[in-house]
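Below is one structure, written out as structure tokens, with a few remarks after it.
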Amino acid sequence: MSDSDLSLLIDAARAAGALALDYQNRGYDIREKPGQGPVTDADLAVDALLRQTLARARPGYGWLSEESIDDPARLKAARLFVVDPIDGTRAFIKKRPFYAVSVAVVEGGRPLAGVVFNPATGELFDAAAGQGARLNGDAIKVSDRDAIEGARLVGPADMFRSRFWPTPWPAIEIGPSSSIAYALCQVAGGLSHGSVSLTGKSDWDIAAADLIVREAGGIASTHQGEGFVYNRPSTRHRNVISAGPRLHDALLAKLTEFNPPPDVARTMMG
């Protein structure tokens with residue numbers, strides 16, 4: 001992995017974040033993507049800026065983004081960019097500081113470099129394979145916590161409080177979960193102990209943050225402990241749970257208790 005790719009992602013993410021903030025200040029149109037939630041002019045403009053910047057610098061790389069039409073040519077690319085221009089669009093619209101620009105370079109199904117930048121807070125998380133993870137240039141690592149009780153967990157409050165848990169969750173602190181990329185990075189930085197999201201995710205949601213968690217000593221997986229492989233014909237993943245190794249084990253054990261009816265299970269857990 002060349003340092004130049006990571007530097008490229010960092011510079012591009014910062015420029016994209018500045019553009020997102022500019023749109024937030026001057027206004028934008030909002031519309032609904034059928035079955036997928038809102039999209040704004042800012043999402044599309046940030047996507048266009050990232051594609052122009054990254055493709056010009058690395059014309060041989062493939063491209064996969066939430067806001068671009070999927071080109072099957074990406075499957076033949078040795079390396080590709082995996083991009084979510086604004087992860088957490090609902091939070092962006094509400095001017096809540098829980099959204100992020102997420103960019104990664106993927107090779108052989110695994111991320112080699114990743115950057116997640118929250119322009120609202122100025123937090124920039126980055127990692128390169130085998131080189132550790134950083135927050136604004138300082139090395140970070142996940143918490144070594146092993147107990148769920150008293151933990152700070154990022155995830156939907158209604159999921160933790162669902163009637164489908166035979167045994168209620170112990171007392172925990174629940175953090176906002178608008179952007180899964182940002183949530184995973186909070187775990188990587190030890191700012192949260194873990195995250196639980198039982199709804200489907202796409203490559204662009206988690207590729208960069210998956211690497212950042214791993215390089216910070218943590219684990220991101222499905223509820224069954226499966227790791228993620230990127231740039232397949234289907235970009236979907238069932239869900240994502242992240243934490244340090246000991247708490248990750250405890251979370252997976254807790255998730256075996258979840259017993260929703262089949263229709264809910266198909267929607268939430270694949």
Side-chain angles (χ1 to χ4, degrees), residues 5 8-9 12-13 15-17 19-20 23 28-90 92-93 99-117 178-184 197 199-212 220-222 226-240 266-270:
D5 271 2
L8 172 65
L9 295 186
L19 181 60
Y23 268 88
Y28 46 81
D29 291 332
I30 306 170
R31 51 193 175 279
E32 287 289 321
K33 294 187 292 184
Q36 299 180 57
V39 63
T40 72
D41 291 349
D43 292 88
L44 302 179
V46 171
D47 185 67
L49 174 64
L50 287 169
R51 187 162 195 173
Q52 180 183 39
T53 302
L54 298 174
R56 180 189 297 128
R58 302 288 188 274
Y61 286 22
W63 179 263
L64 176 64
S65 168
E66 179 176 15
E67 305 304 343
S68 300
I69 296 173
D70 189 7
D71 183 353
R74 66 177 169 82
L75 298 171
K76 298 180 180 179
R79 286 186 178 179
L80 77 156
F81 295 111
V82 179
V83 172
D84 195 337
I86 300 179
D87 184 45
T89 298
R90 288 184 175 88
F92 174 81
I93 291 169
Y99 63 92
V101 177
S102 176
V103 289
V105 172
V106 167
E107 180 182 73
R110 296 298 301 162
L112 295 181
V115 173
V116 174
F117 178 48
S178 300
S179 163
I180 190 61
Y182 184 54
L184 291 173
S197 178
T199 54
K201 300 293 177 279
S202 297
D203 281 9
W204 47 78
D205 295 314
I206 59 175
D210 177 11
L211 176 64
I212 292 167
S221 76
T222 70
E226 305 154 322
F228 303 107
V229 179
Y230 301 98
N231 197 29
R232 290 179 166 179
S234 172
T235 62
R236 294 295 284 173
H237 307 277
R238 291 192 287 182
N239 44 53
V240 59
R266 282 192 298 272
T267 299
M268 295 187 69
M269 303 178 76

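When reading the values below, keep in mind they use all heavy atoms of this one structure, side chains included, and skip hydrogens, waters and symmetry mates.
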- Item | Identified side-chain contact (heavy atoms from CB on, under 4.5 Å) partner of V106 from the options L211, L80, V229 | L80
- Spacing of L44 atom CG and Y28 atom OH [to the nearest 0.5 Å]: 13.0 Å
- Item | Inter-residue atom distance T53.OG1 - L8.CG, 0.5 Å rounding | 8.0 Å
- H237 and T235: which non-hydrogen atoms are nearest, and at how many Å? CD2-O, 3.5 Å
- Note on the structure: Output for pair (F81 CZ, R58 CZ), nearest 0.5 Å, gives 6.5 Å
- Message: Classify the ring geometry of F92 against Y99: parallel below 30°, tilted from 30° to 60°, perpendicular beyond 60°.
- Response: perpendicular
- Message: Any side-chain to backbone donor/acceptor pair from D84 onto D205? Under 3.5 Å, distance only.
- Response: no
- Output, in order, the C-alpha distance, side-chain angles, deciding distance and verdict of side-chain contact (heavy atoms from CB on, under 4.5 Å) for L112 and D5. CA-CA 9 Å; L112 295 181; D5 271 2; over 6 Å; no
- Under a 4.0 Å N-O cut-off, is there an ion pair linking D203 with R232? no
- Item | Partner residues of E226 under the side-chain hydrogen bond (donor to acceptor under 3.5 Å, both in side chains) criterion, sequence neighbours left out | T222, R238
- Note on the structure: Rounded to the nearest 0.5 angstrom, the CG-CH2 distance for L54 and W63 is 5.5 Å
- Message: Could you report the tightest heavy-atom contact between I180 and S197, atom names first, then the distance?
- Response: CD1-CB, 4.0 Å
- Message: For the OG atom of S102 and the CH2 atom of W204, what is their distance to the nearest 0.5 Å?
- Response: 11.5 Å
- Could you go through the side-chain contact (heavy atoms from CB on, under 4.5 Å) check for N231 and V82 one step at a time? CA-CA 9 Å; N231 197 29; V82 179; 6.0 Å; no
- For A20 against I86, the heavy-atom pair lying closest together: CB-CD1, 4.2 Å
- Please name the pair of heavy atoms, one in A181 and one in D87, separated by the smallest distance, quoted to 0.1 Å. N-OD2, 3.0 Å
- Side chains of I93 and P38 in contact at under 4.5 Å (non-hydrogen atoms): yes
- Item | Between CD1 on residue I212 and CG on residue L184, distance to nearest 0.5 Å | 9.0 Å
- Would you confirm whether K201, through its side chain, and T199, through its main-chain N or O, come within 3.5 Å as a donor-acceptor pair? yes
- Pair E67 + R51: basic N to acidic O under 4.0 Å: no
- Report the residues that fulfil side-chain hydrogen bond (donor to acceptor under 3.5 Å, both in side chains) with D43, sequence neighbours left out, ordered by chain and then residue number. T40, T89
- Note on the structure: Correct closest heavy-atom pair for A13 and F117 would be O-CD2, 3.3 Å
- Note on the structure: Of all heavy-atom pairs linking V101 and P85, the shortest is CG2-O, 3.3 Å
- Message: Checking V46 against Y23 for the side-chain contact (heavy atoms from CB on, under 4.5 Å) test, could you report, in this order, the C-alpha distance in whole Å, the side-chain angles of both residues, the deciding distance, and whether it holds?
- Response: CA-CA 10 Å; V46 171; Y23 268 88; 5.8 Å; no
- Task: For side-chain contact (heavy atoms from CB on, under 4.5 Å), just list the numbers for R110 and D210, CA-CA rounded to whole Å, side-chain angles, deciding distance to a tenth of an Å, and then say yes or no.
- Result: CA-CA 9 Å; R110 296 298 301 162; D210 177 11; 3.6 Å; yes
